[in-house]
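Quick notes on the structure that follows.
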Number of protein chains: 2
Amino acid sequence: MRILLIEDDTVLGAAVRDQIAADGRSVDWVTRLDAAEDALRGAGYDLILLDLMLPDGRGIGFLKALRSRGEVTPVIVLTALDQVTDRIEGLNAGADDYLVKPFDLAELSARIGSVARRYSGNPNPIVTHGALEIDLSARSIHRDGRPIQLTAREWALFEAFLSRPGQLLSKAQLEDKLYAFNAEVESNAIEVHVSRLRKKLGSAVIETERGMGYRLGRP
Amino acid sequence: MRILLIEDDTVLGAAVRDQIAADGRSVDWVTRLDAAEDALRGAGYDLILLDLMLPDGRGIGFLKALRSRGEVTPVIVLTALDQVTDRIEGLNAGADDYLVKPFDLAELSARIGSVARRYSGNPNPIVTHGALEIDLSARSIHRDGRPIQLTAREWALFEAFLSRPGQLLSKAQLEDKLYAFNAEVESNAIEVHVSRLRKKLGSAVIETERGMGYRLGRP
DNA sequence: GCCAAGCTGACAGGAACCTGACGGGCCGGG
DNA sequence: CCCGGCCCGTCAGGTTCCTGTCAGCTTGGC
C-alpha cells in the first residue's frame with residue numbers, strides 16, 4: 001500500500017509520515033502541489049492524504065482537478081478546525097474522508113486502515129448489499145444491471161451506513177459526518193437525504209429507529 | 001474484545017481457545033461454516049480466526065462472501081497450506097493476516113494483540129446477559145441470533161438497569177433517569193415500560209421488589 | 001378476605017418522521 | 001452575460017407509531 005502525503009507543515013508531516021511507516025505502510029511526502037503532480041504522474045498510489053492549506057495553491061482546486069480527470073484514488077483531507085466551509089467544499093469536490101487538525105495519530109491509522117480495507121487488495125472491490133452492487137472506488141451503484149446515480153451528499157450518507165453495517169447512527173452523528181462539527185443544520189436535512197436515498201436505492205435499505213436514528217437494514 | 005474461532009480440529013481448536021482465554025479475551029468457537037454464519041448474525045465480533053480447511057466448505061469462499069457484503073471485521077486466516085498462491089488468495093479475499101500451521105501459540109497471541117491495537121479505533125462493546133447479547137453503541141439486542149427492537153424509552157430504561165447490574169432501583173430513581181427533573185409523571189408509566197420490556201426481553205430479566213423497586217435479575 | 005402494590009390491554013394525543021414542493025446557489029453552455 | 005439544469009437546505013402538510021394515562025385485573029402480605 002503506497003500513500004502520498006501532501007502537507008507543508010514539517011512538524012505535522014514528519015509525525016504523520018512516521019506514524020504511517022510504523023503501521024508498515026509505504027509513504028511519500030511532498031510539501032507542494034506541483035511536487036504532488038509530479039509524484040502522481042509516476043502513478044501507483046493507493047491513497048492520498050491532502051492538506052487543504054498549501055503555499056502554492058488551494059488543495060480544493062487540486063482535488064477537483066484530480067477528480068475531473070477521472071482519478072479515483074481515495075483522498076483523505078486534512079484540514080484545520082476553523083475552515084468549516086472548506087470541509088463542505090471538500091466533500092463536494094470528491095474527498096473520501098476528513099480529519100480535522102489537530103487529530104489523533106491513532107485516528108489517522110484507523111481511517112487509513114478503513115480505506116485500505118475498502119479499496120486495496122481486491123482488484124475489483126464490489127460490495128453487494130441485497131440486490132445492490134456497490135463499487136466503492138468508482139462510486140457507482142447498480143441494481144439489476146441498471147446504474148443508480150447518487151449525488152455527493154447522498155453518497156456520503158450511504159457510505160456512512162456502509163462503513164458500519166447494522167450500527168445505529170443518530171442524526172447528530174450523521175450531521176457530523178456530512179457537515180462540519182458546528183455547522184448548524186436547523187432543519188430536517190438528514191431526513192430529506194434519507195428520503196432521497198430510499199427513493200433511489202429502495203425503501204428497505206435504510207431503517208428508521210424512531211427517536212434514536214437510522215441504520216442500514218440487513219439485506 | 002470478542003473473537004470468533006472457526007476451526008474443525010478439536011485438539012487445535014481447544015488449544016487456541018484456551019490460549020485466547022488465558023489472554024483475557026472472550027472466544028466463541030464453532031467448527032462449521034454454517035454455525036459461523038449463525039454466530040455472525042448476532043454480530044459484534046472484533047476479530048475472526050478462520051481455518052481454511054473445513055468439512056462443510058472452503059474458508060476462502062466464506063471470507064469472500066463476508067467481505068462482499070461489507071463486513072469489515074478483521075480476519076486472521078489459519079492455514080496448513082503453506083503455499084504462496086494460497087496466501088495471496090487469502091489476502092486478496094480480504095484477510096488481514098495469516099498464520100501457517102503449525103504455529104506457536106505465543107505467536108498467535110502477538111498477532112491478535114497487533115490486530116486489536118490496529119482496530120482499537122472502532123470499539124464495539126458487546127455485553128451479554130444470559131441469552132441476550134447487547135451492543136450498547138449500536139443499540140441492538142439479539143437473542144438466539146434474532147434481533148429484538150426496543151423503542152427509545154425502553155432503551156433508556158434497560159440501560160439504567162444494565163449500568164447497575166443487580167442493584168435495586170426505585171421508581172423515583174428510574175423516573176429521574178427517564179425524564180427531565182421537573183417532568184411530572186403522575187401515573188404508572190414506569191410500571192408500563194417495565195411491562196413492555198419484559199414482554200420483549202423475557203419476563204425473568206427484570207425482577208420486582210415489592211414496595212422497593214426493580215432490579216436486573218441474575219442471568 | 002381485604003387492601004395495597006403491581007401488571008397489562010386499550011386508547012387518544014402528539015412528537016417524530018416522511019415527502020412533495022420551492023427557491024437560492026453554483027456551474028457549464030451558448 | 002444570460003439561461004437552464006442540478007444539487008441541496010428549508011418548509012409545510014400528511015402519516016406513523018411511541019407513550020402516558022386509565023381502568024380493570026392479578027398478586028402478595030397479613
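The shown structure was predicted, so the numbers you read here are calculated from the model rather than taken from an experiment. Chain letters run A, B, ... following the sequence lines, proteins first and then strands; every chain starts at 1.
Atom CD in A:Glu207 sits roughly 12 Å away from atom P in C:dC18 (whole-Å rounding). Spacing between atom CZ of A:Arg153 and atom C1' of D:dG9 amounts to 9 Å, rounded to whole angstrom units. If you take CD of B:Glu154 and C1' of D:dC17, they are 12 Å apart, rounded to a whole angstrom. Here the C1' atom of nucleotide C:dC18 and the CD1 atom of A:Ile206 are 13 Å apart, to the nearest Å. For the pair B:Lys200 NZ and C:dC7 C1', the interatomic distance rounds to 17 Å; values are reported in whole Å. The nearest whole Å value for the distance from the CG atom in B:Leu197 to the P atom in C:dG6 is 17 Å. Residue A:Gln149 contributes atom CD, which lies 18 Å from atom P of D:dG5 at whole-angstrom precision. Between the P atom of C:dC18 and the CG atom of A:Leu201 lies a distance of 15 Å, rounded to the nearest Å.
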Extract from the structure each pairing of a protein N or O with an N or O of nucleotides 19-21 of chain C at less than 3.5 Å, listing the distance.
| from | atom 1 | to | atom 2 | distance (Å) |
| --- | --- | --- | --- | --- |
| C:dT19 | OP2 | A:Ser195 | OG | 3.2 |
| C:dT19 | O4 | A:Asn188 | ND2 | 2.7 |
| C:dG20 | OP2 | A:Lys199 | NZ | 2.9 |

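Of the candidate nucleotides D:dG9, D:dC8, D:dT21, D:dT21 has the atom lying nearest to any side-chain atom of B:Ser187.
Between B:Asp34 and B:Arg32, at least one side-chain N (NZ, or NE/NH1/NH2) sits under 4.0 Å from a carboxylate O, which counts as a salt bridge. Ionic pairing of B:Glu133 and B:Arg143 is not present here: no N-O contact between side-chain nitrogen and carboxylate oxygen is shorter than 4.0 angstrom. For the pair B:Glu209 and B:Arg215, the salt-bridge criterion is met [side-chain N within less than 4.0 Å of a carboxylate O].
At the phosphate of C:dG6, OP1 or OP2 sits under 4.0 Å from a side-chain N or O atom of B:Lys171. Checking the phosphate oxygens (OP1, OP2) of D:dT19, a side-chain nitrogen or oxygen of B:Thr151 falls inside 4.0 Å.
For the pairing with B:Glu154, the salt bridge (charged side-chain N to carboxylate O under 4.0 Å, His left out) check across B:Arg196, B:Arg139, B:Lys200 returns one residue only, B:Lys200.
Fit an axis to the five pairs at each end of the helix from C:dG1-D:dC30 to C:dG30-D:dC1 and the two axes sit 30° apart, to the nearest 10 degrees.
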Audit row: A:Asp28, A:Arg2, salt bridge (Lys or Arg N to Asp or Glu O under 4.0 Å) steps and yes/no:
CA-CA 8 Å; A:Asp28 291 342; A:Arg2 295 187 67 211; 2.9 Å; yes
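The minimum heavy-atom distance between A:Phe62 and A:Ala36, with the atom names listed, is CZ-CB, 4.0 Å. Pairing each heavy atom of A:Phe158 with each of A:Leu132, the nearest pair is CZ-CD1, 4.3 Å. Between B:Arg198 and B:Glu207, the shortest heavy-atom distance links the atoms NH2-C, 3.7 Å. The nearest pair of heavy atoms linking B:Trp155 to B:Asp135 is CH2-O, 4.1 Å.
To the nearest 0.5 Å, atoms CD1 (A:Ile148) and CG (A:Leu150) are separated by 7.0 Å. Between the CD1 atom of B:Ile134 and the NE2 atom of B:His142 there is a distance of 11.0 Å, given to the nearest 0.5 Å.
A heavy atom lying under 4.0 Å from DNA chain C marks the following residues of residues 208-218 of chain B, by number: B:Thr208, B:Arg210, B:Gly211, B:Tyr214.
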